[in-house]
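Down below is the structure, laid out as structure tokens.
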Amino acid sequence: MFEPFTLPGRVRFYPGEGQLPECELTGPGGRTRISLQGAQVLSYEPEGQQDLFWLSSTSRYQPGKAIRGGIPVCWPWFGDHPDNPELPAHGFARTTLWEVRSSYADNEVTRLQLGLTDSPSSEQLWPWQFELILEIELGEQLVLSLTTTNTGAQSFIITEALHSYYAVGAADNLRIEGLKAHRYQDKLEDFAVKTQEQELEPQPPLDRVYDTDEPVTLIDPLLKRRIRIDKEASASTIVWNPGAEIAAGMADVGSGEETGFICIEAGNARERIIRLAPEESHCMKMSVGVEAIED
Ligand SMILES: O=P(O)(O)OC[C@H]1O[C@@H](O)[C@H](O)[C@@H](O)[C@@H]1O
């Protein structure tokens, strides 16, 4: 089934955990693994470096269940559904099996395109016709482009996020530069609107939606690395870590493991709704790069 997309030495498909199909991209930029369920990046090891992403040791790998870690795709709504709390949080893209659309490799990059279109099961949750493409490019950086196209006859709205779980030395010993002076909504205080006065030094729990399209840098003094996150067409940056108490109640976060990640998500969330008329498209892009902090 994946044979036409296999590129020897660069793109390979195999059964992953729980027999969910996975794809590995390799190239001059390093290595990344992607679950075809959810089009979810599970790992990204730039050449000669450790994984940038965190993956829970107790994650479920079952059809239709969200994988905890890597980069889940939240779509066509971010967080709880605005009108119906019975619908799955963060939409259905992260729990659906995507199709492989294309693969590509040259001297600089390795690329994979995955796609999702409306189906009888998506229509039960969301009545619109759409095409969603995630392109994953492994080069000097890891670049994700998420394109939504309205293929139906009526307008629809979406919210979305690339819900990235970065692996960190300690979640309470980090600095995130680029959010200072931006407005945010604090979910832990019923979405109270606040302004980030200083550069953010997270003290979990925290759950915030920042209004910003600017890049951010995650500085990790323990892992001695600086991760730079650039965005295009993303008006929200979400920062989340559940902290010890909430994480203790999450079956798919191993005991104490919440200190090992911070989520910094490129999105269009809350009021930053994207409205698409028939045949219109919207492409949100996120690039992730790393550099070592010298002693
Ligand atoms: O447990 P889930 O559905 O993967 O969501 C995890 C978290 O995702 C974050 O993006 C939200 O801001 C949090 O409120 C939420 O708890």
Side-chain angles (χ1 to χ4, degrees), residues 16-23 32-44 53-56 58-82 84-101 112-119 121-126 128 130-136 142 144-149 156-166 187 207 209 234 236-242 250-253 261-270 274 282-286 288:
E17 290 265 355
Q19 300 299 304
L20 296 179
E22 280 182 23
C23 177
T32 181
R33 286 184 303 122
I34 300 130
S35 175
L36 301 195
Q37 171 163 293
Q40 186 160 340
V41 169
L42 301 176
S43 68
Y44 166 41
F53 292 104
W54 175 89
L55 202 50
S56 172
T58 56
S59 185
R60 294 170 295 188
Y61 294 90
Q62 291 165 20
K65 302 283 182 208
I67 300 169
R68 178 76 64 195
I71 316 182
V73 176
C74 303
W75 189 98
W77 58 88
F78 171 81
D80 293 332
H81 187 279
N84 184 354
E86 305 281 295
L87 292 177
H90 292 320
F92 54 83
R94 66 173 174 167
T95 51
T96 309
L97 193 63
W98 292 47
E99 286 171 0
V100 182
R101 294 290 169 83
L112 180 72
Q113 270 199 352
L114 300 174
L116 189 65
T117 44
D118 51 280
S119 66
S121 58
S122 74
E123 276 167 23
Q124 285 182 3
L125 298 167
W126 199 65
W128 314 111
F130 66 88
E131 178 168 65
L132 183 64
I133 300 282
L134 182 69
E135 181 179 279
I136 299 151
L142 185 71
L144 268 60
S145 308
L146 183 67
T147 305
T148 306
T149 303
F156 62 63
I157 57 167
I158 59 158
T159 53
E160 59 186 348
L162 294 167
H163 192 310
S164 318
Y165 288 77
Y166 294 97
K187 188 173 174 189
D207 195 348
V209 180
S234 156
S236 317
T237 296
I238 299 101
V239 183
W240 176 66
N241 180 290
M250 297 171 74
D252 60 354
V253 175
F261 73 82
I262 188 93
C263 287
I264 305 177
E265 313 167 32
N268 289 293
R270 306 284 302 162
I274 306 293
H282 168 83
C283 176
M284 175 174 77
K285 204 163 165 177
M286 178 178 84
V288 179

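Phe130 is linked by a ring pair (Phe, Tyr, Trp, His ring centres under 6.0 Å) to Trp75, Trp126, counting only residues two or more places apart in sequence or in another chain. With sequence neighbours left out, Arg101 forms a side chain to side chain contact (heavy atoms under 4.5 Å, CB included) with Glu99, Gln113, Thr117, Glu131, Ile133. Residues passing the side chain to side chain contact (heavy atoms under 4.5 Å, CB included) test with Ser119 are Ser121, Ser122, sequence neighbours excluded. Listed by chain and number, the residues in a side-chain hydrogen bond (donor to acceptor under 3.5 Å, both in side chains) with Ser59 amount to none (sequence neighbours excluded). With sequence neighbours excluded, the residues that form a ring pair (Phe, Tyr, Trp, His ring centres under 6.0 Å) with Trp54 are Tyr165, Phe261. For Arg33, the side chain to side chain contact (heavy atoms under 4.5 Å, CB included) partners are Tyr14, Glu22, Glu24, Arg31, Leu42, Ser43, Leu55, not counting sequence neighbours. Not counting sequence neighbours, Glu17 has no partner by the salt bridge (charged side-chain N to carboxylate O under 4.0 Å, His left out) test. The side chain to side chain contact (heavy atoms under 4.5 Å, CB included) search around Ile157 returns Ile273, Arg275, not counting sequence neighbours. Tyr44 is linked by a ring pair (Phe, Tyr, Trp, His ring centres under 6.0 Å) to nothing, counting only residues two or more places apart in sequence or in another chain. Taking Ser234 as the reference, Lys231 meet the side-chain hydrogen bond (donor to acceptor under 3.5 Å, both in side chains) condition, with sequence neighbours excluded. The side-chain hydrogen bond (donor to acceptor under 3.5 Å, both in side chains) test applied to Asp252 returns Arg68, not counting sequence neighbours.
For the side-chain contact (heavy atoms from CB on, under 4.5 Å) criterion with Ile71, the lone passing option out of Leu134, Val288, Leu162 is Leu162.
Nearest heavy-atom pair, Phe156 versus Ile158, reported as atom, atom and distance to 0.1 Å: CE1-CG2, 3.9 Å. Ile238 approaches Ala269 most closely through the heavy-atom pair CD1-CB, 4.2 Å. For the residue pair Trp98 and Val73, the shortest heavy atom distance occurs at CZ2-CG1, 4.4 Å. Heavy atoms only, all atoms of each residue included: Thr95 and Lys65 are closest at CG2-C, 3.8 Å. Residues Pro63 and Leu20 approach most closely at N-CD2, 4.0 Å, considering heavy atoms.
In this structure, Gln37 and Tyr61 have side chains that are not in contact, with every pair of non-hydrogen atoms separated by 4.5 Å or more. Side-chain atoms of Cys23 and Val100, non-hydrogen and from C-beta on, never get closer than 4.5 Å to each other.
In this structure, the side chain of Ser164 does not engage the main chain of Phe53 through any donor-acceptor pair within 3.5 Å. Although no hydrogens or angles enter the test, the distance criterion places no donor-acceptor pair under 3.5 Å between the side chain of Glu265 and the main chain of Ser236.
With rounding to the nearest 0.5 Å, the separation of CG in Asp207 from SG in Cys263 is 9.5 Å. Between Arg94 atom CZ and His163 atom NE2 the span is 6.5 Å, to the nearest 0.5 Å. Taking CG of Leu146 as the reference point, atom CG of Leu114 lies at 11.0 Å (rounded to 0.5 Å). Here the CE-OG1 distance, from Met284 to Thr148, works out to 8.0 Å after rounding to the nearest 0.5 Å. In this structure, NZ on Lys187 lies 5.0 Å from CG on Asp80, to the nearest 0.5 angstrom. Considering CG of Leu36 and CG of Leu116, their distance stands at 12.0 Å, rounded to 0.5 Å.
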Start with the C-alpha distance between Thr159 and Arg270, add both sets of side-chain angles, then the distance that settles side chain to side chain contact (heavy atoms under 4.5 Å, CB included), and finish with yes or no.
-> CA-CA 7 Å; Thr159 53; Arg270 306 284 302 162; over 6 Å; no

Criterion side chain to side chain contact (heavy atoms under 4.5 Å, CB included) on Ile136 and Leu144, from CA distance to verdict = CA-CA 5 Å; Ile136 299 151; Leu144 268 60; 4.2 Å; yes

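Below 30°, between 30° and 60°, or above 60°: for Phe78 and His90 the angle between ring planes is between 30° and 60°, a tilted geometry.
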